[in-house]
Number of protein chains: 2
Amino acid sequence: MLIGELANRSDVPAKTIRYYEELGVLPPPRRTAGGYRDYDDTAVDRLGFVRAAQAAGLTLAQIRDVIALREGGIAPCSHVVALLNEKAEVVADQIASLRALQRELERLHEQARGIDPADCDPRSVCEVLAPRPGPVVRAAKE
Amino acid sequence: MLIGELANRSDVPAKTIRYYEELGVLPPPRRTAGGYRDYDDTAVDRLGFVRAAQAAGLTLAQIRDVIALREGGIAPCSHVVALLNEKAEVVADQIASLRALQRELERLHEQARGIDPADCDPRSVCEVLAPRPGPVVRAAKE
DNA sequence: CTTGACCTTCCACTGTGCTGGAACCCTTAC
DNA sequence: GTAAGGGTTCCAGCACAGTGGAAGGTCAAG
């Protein structure tokens with residue numbers, strides 16, 4: 001099957017499929033006489049795996065490594081479990097930061113209630129955002 | 001004061017200060033005869049505001065716009081409140097996605113318990129990540 | 001023989017907030 | 001005069017997962 005059909009069947013854009021190949025997430029398929037990529041059905045399974053792994057929050061680099069283990073003849077299960085645990089920690093941290101930010105936003109909301117724009121000292125730009133309490137919390141990333 | 005002193009006093013790297021100027025977050029200061037940036041004390045306040053606004057999760061572009069209002073003689077308070085509300089919504093969504101991801105990770109953890117690597121069909125790469133239920137949840141971004 | 005759909009490669013760009021480095025100028029002390 | 005320690009500009013790149021577009025090759029139908 002050509003790349004367009006694979007794209008349709010897997011619901012992954014052809015452009016992305018080529019990108020995955022470049023990253024090593026998808027093995028280079030054989031080519032037709034004309035130089036077109038020619039996939040077999042396992043490519044559909046593979047893309048399904050990639051989607052499942054992304055849904056679990058793995059990066060393409062991690063997914064590539066998992067696949068490399070499998071291609072090297074090693075069942076990657078324990079490696080995958082370790083990745084999932086790692087990810088679970090990261091997610092917990094992210095949730096914690098976001099919750100802290102949520103609290104900060106609530107505080108600012110409260111604070112805004114008590115402010116008359118006319119009282120606002122232009123030097124502070126806007127007192128609604130006046131910094132106050134303890135450790136500064138940066139917005140969570142990723 | 002020169003940029004280095006401002007950097008020390010505000011705890012923002014000189015490089016970052018120049019970057020903020022380029023973005024329009026900091027007004028271009030006057031220059032010394034030798035071409036050095038020469039700041040007054042208001043620059044320290046301004047950087048304090050930027051940090052507070054970042055702590056509330058605003059982007060530099062949003063911060064720039066808030067500052068532009070203030071420089072245009074308009075008290076930006078109501079605009080800021082709107083931004084904070086917007087941000088609060090985004091944060092709530094992010095927390096929801098991360099929690100969904102957390103549940104998915106727990107599910108996979110459970111699932112992994114019942115799997116013997118030897119049973120794993122290489123076609124699926126690793127059954128620990130076998131997709132299962134309904135809507136696929138992508139990892140939260142930002 | 002040409003049109004159109006499909007495929008190929010390659011390079012650049014997106015958003016976000018910086019950071020690093022090169023090559024060069026200014027100021028002060030020695 | 002020269003060295004150190006500021007400062008200046010501009011260009012490049014980081015992570016991340018793609019996306020857009022140009023220039024061109026392949027293949028089947030009309």
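Predicted model only: the values in this text are computed from it and were never measured. All chains are named by letter (A, B, ...) in the order of the sequence lines, taking the proteins before the strands, and each is independently numbered beginning at 1.
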### Task
Using a 4.5 Å cut-off on heavy atoms from C-beta on, say whether the side chain of A/Leu58 contacts that of B/Leu129.
yes
### Message
Quick check on DNA chain D: between B/Arg18 and A/Tyr36, whose nearest nucleotide comes earlier from the 5' end?
### Response
B/Arg18
### Message
Distance check needed: C/dT28 P versus B/Leu2 CG, whole Å only.
### Response
10 Å
### Query
Is the shortest side-chain N/O distance from A/Thr32 to OP1 or OP2 of D/dT26 below 4.0 Å?
no
### Rounded interatomic separation in angstrom, taking CD from B/Glu22 and P from D/dC11
11 Å
### B/Arg107 bridged to B/Glu104 by N-O distance under 4.0 Å
yes
### Message
Rounding to an integer number of Å, can you tell me how far A/Lys15 NZ sits from D/dT19 P?
### Response
9 Å
#### Entry: Pairwise 5' ranking along DNA chain D for B/Gly35 and A/Tyr19, keeping only the more 5' one
B/Gly35
### Query
Side-chain contact, heavy-atom cut-off 4.5 Å: B/Val44 with B/Tyr39?
no
#### Entry: A/Val91 side chain near A/Lys87 side chain, heavy-atom distance below 4.5 Å
yes
### Task
Return the value, rounded to whole Å, for the distance between atom CG of B/Leu47 and atom P of C/dC18.
11 Å
### Message
Measure CD1/B/Ile3 against P/D/dG5 and give the value in whole Å, please.
### Response
19 Å
### Query
Is any side-chain N of the basic residue among B/Glu110 and B/Arg113 closer than 4.0 Å to the acidic one's carboxylate O?
yes
### Message
So, OP1 or OP2 of C/dC18: does either fall under 4.0 Å of a side-chain N or O from B/Tyr20?
### Response
yes
#### Entry: Gap between atoms CD and P, on A/Glu21 and C/dT8 respectively (whole Å)
9 Å
### Check: A/Arg37 and A/Glu21 side chains under 4.5 Å, non-hydrogen atoms
yes
### Query
Is any side-chain N or O of A/Arg51 closer than 4.0 Å to OP1 or OP2 of D/dA17?
no
### Query
To the nearest 10 degrees, what angle separates the axes at the start and end of the helix from C/dC1-D/dG30 to C/dC30-D/dG1, five pairs each?
50°
#### Entry: Spacing of B/Leu60 atom CG relative to C/dT19 atom C1', expressed in whole Å
14 Å
### Message
From CG of B/Asp38 over to C1' of C/dT27, roughly how many Å is that when rounded to an integer?
### Response
14 Å
### Task
Name the nucleic acid region contacted by A/Leu23, choosing base, sugar-phosphate or nothing; use a 4.0 angstrom heavy-atom cut-off, strictly under.
nothing
### Message
Strictly distance-based, threshold 3.5 Å: is any side-chain N or O of B/Glu127 a donor or acceptor partner for the main-chain N or O of B/Gln111?
### Response
no
### Task
Would you indicate, yes or no, if D/dC16 has its OP1 or OP2 atom less than 4.0 angstrom from a side-chain nitrogen or oxygen of A/Gln54?
no
### Query
Counting just side-chain N and O atoms, does A/Arg37 come under 4.0 Å of either OP1 or OP2 of C/dT8?
yes
### Query
Within the structure, does a side-chain N or O atom of B/Thr16 lie under 4.0 Å from either OP1 or OP2 of C/dT19?
yes
### Message
Go through it in stages, so that I can follow the logic: the residues are B/Arg18 and B/Ile3, the test is side chain to side chain contact (heavy atoms under 4.5 Å, CB included), and I'd like the CA-CA distance, side-chain angles, deciding distance and then a yes or no.
### Response
CA-CA 9 Å; B/Arg18 290 194 201 95; B/Ile3 199 168; 3.6 Å; yes
#### Entry: side-chain N/O B/Arg31 vs D/dT9 OP1/OP2, d < 4.0 Å
yes
